[in-house]
Amino acid sequence: MLKRNSLRFAAALLAVLASLVVGPSAALAAAAQHHDQVPGFYGLKVGDLEVTALFDGPGVFDQHWLKGTKARLDEVVKALHEDSHMLDASETGFLVNTGKQLILVDAGSGIWFGGGAFGRLTRSLRSAGYTPEEVDLVLVTHLHADHVGGLTTQDGKRVFPNAEVYVAKAESDFWLSPEIAAKAPKDAQRFFQSAQAIAAPYITAGKWHTFRGSEPNVDGMQIVPLPGHTPGHTGYEFSSKGQKILFWGDIVHAQRVQLQHPEVTVVFDIDPIAAAATRNQLLPKLAREDVVIAGPHMLFPGLGRLHREGSGYSWTPVAFTDQWVENAPAPQKY
Ligand SMILES: [Zn+2]
């Protein structure tokens, strides 16, 4: 009996093996790896506004760029030993289609910053279905090259030929002043040079506009002065149907450090005390309100909300969906 069963088993096994050889053997072959990635954009509805994050490139914030007490910085170094990804960041610009105007908020680095690691914003914009020619307005949070470099090619041509560019007057006056540039420390010189070269073709074309308190005429958009990081650092808040989104520029560079410890500043802050004060005023307000934040250096897509956590804040990224929220079924409860 035992023997017969063993024979039957052996026969069955042979049959299975044979079927594997002639039949579905392909299913067992190793699948080829595919290296295509999703395109670098992500869309979100805010009321009637279509907001699209446009990826410019991945970055890592250098620990030496952080400024704070020795105890705090020692803590960061220790945490970095345990988690080497703690200072991972992104470069992102944002597109707002209001239905009437196509508005870009910051333009990424182009060739002016990051030694070629960034500068993918235009490609991301095309992937999202737009062309640079369609952009009507560019709202600039500040004139550091990683936010405006994408405006201008290496040979001084406008990347967005039909766009009117808006920047705070204090910002434009500071970075475009030859006198201030001449007095600036040596390592700050490159920021002045790039700002001037990037702005030049828009100034020549009469498309460089500066504002003091309020100006660019966009329905439902409010200018939010956020000085400190740079003299005219500006946020832009859009509202539609009771929903709000704030494009906050460089309020936070290293999200894992500065949300827990908003007093930590960065070497690029022109006025670190003002930068920390601005952050300390803004973060509690954003944690109280239901406002989407668009942060160019928050991990892509840089869209999320703030909540109080202990003595600091935590960041909740927007939940991914592959459908426009208005068309999508409501999220399922588990
Ligand atoms: Zn920046």
Side-chain angles (χ1 to χ4, degrees), residues 40 53-67 87-95 104-122 124 138-152 165-168 170-172 174-175 184 187-199 224-236 246-259 262 264-272 274-276 278-279 282-283 293-304 315:
L54 302 174
F55 192 56
D56 197 48
V60 179
F61 203 74
D62 190 313
Q63 66 182 87
H64 301 106
W65 293 343
L66 295 168
K67 305 246 284 182
L87 297 180
D88 285 3
S90 297
E91 287 283 350
T92 304
F94 300 94
L95 199 63
L104 185 63
V105 186
D106 285 352
S109 308
I111 52 89
W112 300 92
F113 188 86
F118 308 120
R120 304 180 207 162
L121 180 132
T122 310
S124 301
V138 181
L139 303 176
V140 167
T141 62
H142 63 300
L143 291 181
H144 277 159
D146 58 321
H147 297 259
V148 290
L151 291 177
T152 303
V165 179
Y166 284 88
V167 58
E171 187 71 8
S172 188
F174 182 80
W175 295 106
D187 28 324
Q189 291 292 336
R190 64 189 173 111
F191 286 109
F192 287 90
Q193 286 158 6
S194 59
Q196 291 168 13
I198 291 159
V224 185
L226 300 170
H229 179 53
T230 58
H233 185 259
T234 300
Y236 300 93
L246 172 68
F247 299 87
W248 78 2
D250 277 0
I251 284 296
V252 168
H253 290 83
Q255 65 187 83
R256 300 266 302 277
V257 177
Q258 289 178 295
L259 289 181
V264 173
T265 58
V266 301
V267 291
F268 308 110
D269 291 332
I270 300 286
D271 182 344
T278 294
R279 194 161 37 252
L282 184 67
L283 300 191
I293 295 154
H297 299 308
M298 309 304 275
L299 288 170
F300 191 77
L303 298 163
W315 172 259

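For clarity, every value in this text was computed on a predicted model and none was experimentally measured. First listed ligand is number 1; within each ligand, the first listed atom is number 1. Reckoned from all heavy atoms, side chains included, excluding hydrogens, waters and symmetry mates.
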Asp146, N/O/S atom nearest the Zn ion (ligand 1):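 The Asp146 atom nearest to the Zn ion (ligand 1), restricting to N, O or S, is OD2.
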Is the Zn ion (ligand 1) under 2.8 Å from any N, O or S atom of [X]?
| X | value |
| --- | --- |
| His144 | no |
| His142 | no |
| Asp250 | yes |

Any donor-acceptor N/O pair, Thr278 side chain to Pro227 backbone, under 3.5 Å: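 Yes, because the side chain of Thr278 sits within donor-acceptor range (under 3.5 Å) of the backbone of Pro227.
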Short side-chain to backbone donor-acceptor contact, Gln258 and His253, under 3.5 Å: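 Answer holds: yes.
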Whether His142 and His147 hold their rings parallel, tilted or perpendicular, with breakpoints at 30° and 60°: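 Rings of His142 and His147: tilted, as their planes differ by 30° to 60°.
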Pair His144, Asp146: side-chain N/O donor-acceptor within cut-off below 3.5 Å: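 No - no donor-acceptor pair under 3.5 Å links their side chains.
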